[in-house]
Amino acid sequence: RVTFNTLINGFCKAGEAPKAAELLQKMAAEGFEPDVITYNTLISGLCRKGKSQEARRLLDEMVARDCVPDLVTYNSLINVMCKEGKVEEARELFNELTSKGHEPDIYTHNIILHGLCKCGKVDAAAEFIGEMLAKGCVPDRVTYNVLMDRLCREGRLNQAMQLLREMDNKGCHPDYITYNTLIDGLCKKERVQEAEELFGEMDDRGITATVITYNSLIDGLCKVGRVEEATELIDEMFVKGLVPDKVTYNCILTAFCREGNINKATDIIQMMIYNGQNPDAITYGTLINGLCRTGRYESAIKILRAMPMKGMLPDAVAYNPILQGLCMRRRMREAMAIYTEMLEQGVAPD
RNA sequence: CCUUUUUCUUGUUCGC
């Protein structure tokens, strides 16, 4: 049974929920009863793919088979409710937990807190922390990370930085996500120099930078016009054994496209392919925008039409710059033709 | 540490 559970988990992590569900059938066929861990694994896997309906169906199935949902099951469900923006519903389930015989744990609290933060209910979040503390539920790294992320997004960077120091004082030491969150927050506010200082501090403390750390810094450097240095960080990543991903190249690509430097833009795309990272929908969307900014609508449309052949569906973001550019130049006939094409391709306008 | 749940990064949106 552990073997099956492990395999099911593997498929879920690889984003292959259907194969995982198949294994559930096989497992039963071989005479192994799925247990609560099997169901939890599948439910969280489905939740991660946003298939909350299927997840609920599995919950019913597990109950029908006399497999009692545990706190992990409920945490997954509460999480998917939050991800769908149904925080109120999530809180109801949270409140019902006790009557179901489970005390919400630190995971449950962090999930709700994150849900509240993400939909901007800062006051409710603050109140929730109060409840949490009153119950003797001690904030952990994740709690701090969630809070700091929210503070950063609200531009309250100094408060976020204070929390960083508070963590150390309370013996709840920051991890790479803490630093990634702050570095990104600083970069987004164009406080790149402070971000670089934190990057150094991270290194001093022996907290290893990740691809995401570099991506945040690279994006920050690009946004303040330090594209040259951003590009050099790619080399530094390789030196440290980190593999730049699509996001890394997309950040640099955005900078070149904003500059209207289509030559360098195509160079970076070549480099990404050479380094084993295939362009994604964002890469194309970025390039299309760059082409439009430089008036090259025909090229942009060509790229757009080539996307399906690469197995990618253009989205509204890929179409919008073309429409916008044509509209601004009063080329409405062409704009409407593209709009029609968009609808024909089944792309929803936004 | 080693079967399951929470936190971090990239593209579009007029003129002045």
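Lettering follows sequence order; numbering is per chain, from 1.
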statement: The contact string for nucleotides 11-16 of chain B, one letter per nucleotide 5' to 3', using protein heavy atoms under 4.0 Å with B, S and - for base, sugar-phosphate only and none, comes out as BBSS--
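When rounded to the nearest whole Å, the span between CG of A/Asn180 and P of B/rU10 equals 12 Å. Atom CZ of A/Phe94 and atom C1' of B/rU6 are 13 Å apart (whole Å). One atom, CZ of A/Phe4, and another, C1' of B/rU4, lie 17 Å apart when rounded to the nearest Å. Rounded to a whole Å, the OH atom of A/Tyr39 is 18 Å from the P atom of B/rU5. To the nearest angstrom, C1' of B/rU5 lies 13 Å from CG of A/Asp140. As a whole-Å value, the separation of A/Leu97 CG from B/rU6 C1' is 14 Å. Across the protein-nucleic acid pair, A/Met132 atom CE and B/rU6 atom C1' stand 11 Å apart, rounded to whole Å. Taking atom CD1 of A/Ile234 as the reference point, atom P of B/rU10 lies 16 Å away to the nearest angstrom.
A/Lys118 comes within 4.0 angstrom of no nucleic acid atom, judged by non-hydrogen atoms across all strands. At a threshold of 4.0 angstrom between heavy atoms, the contacts of A/Arg153 are confined to the sugar-phosphate backbone, with no base atom among them. Among the heavy atoms of the strands lying under 4.0 Å from A/Ile37 is at least one base atom, whether or not backbone atoms are also near. At a threshold of 4.0 angstrom between heavy atoms, the contacts of A/Val146 are confined to the sugar-phosphate backbone, with no base atom among them.
Considering only side-chain atoms of A/His114, the nucleotide from B/rU9, B/rU7, B/rU5 that sits closest is B/rU7. With B/rU9, B/rU6, B/rU5 as the candidates, the nucleotide lying closest to the side chain of A/Val72 is B/rU5. When the nucleotides B/rU5, B/rU7, B/rU3 are ranked by their closest atom to the side chain of A/Lys13, B/rU5 comes out on top.
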field: Stepwise side chain to side chain donor-acceptor pair (under 3.5 Å) test for A/Thr178 and A/Asn145
entry: CA-CA 5 Å; A/Thr178 317; A/Asn145 290 345; 2.8 Å; yes
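For the side chain to side chain contact (heavy atoms under 4.5 Å, CB included) with A/Asn5, the lone residue among A/Leu23, A/Ile37, A/Asn40, A/Leu42 that qualifies is A/Ile37.
The two residues A/Cys172 and A/Arg141 make their nearest non-hydrogen contact at SG-N, 3.5 Å.
The existence of a salt bridge linking A/Arg305 and A/Glu341 is confirmed by a sub-4.0 Å separation between a basic side-chain nitrogen and an acidic carboxylate oxygen. The pair A/Arg56-A/Asp60 fails the salt-bridge criterion, with no side-chain N (NZ, NE, NH1 or NH2) lying under 4.0 Å from an Asp/Glu carboxylate O. For A/Arg331 and A/Glu334, the salt-bridge test passes: some basic side-chain N is under 4.0 Å from an acidic carboxylate O.
A/Lys83 has a side-chain polar atom (N or O) that falls below the 4.0 Å cut-off from OP1 or OP2 of B/rU7.
Among residues two or more places apart in sequence or in another chain, the ring pair (Phe, Tyr, Trp, His ring centres under 6.0 Å) test is passed with A/Tyr214 by A/Phe199.
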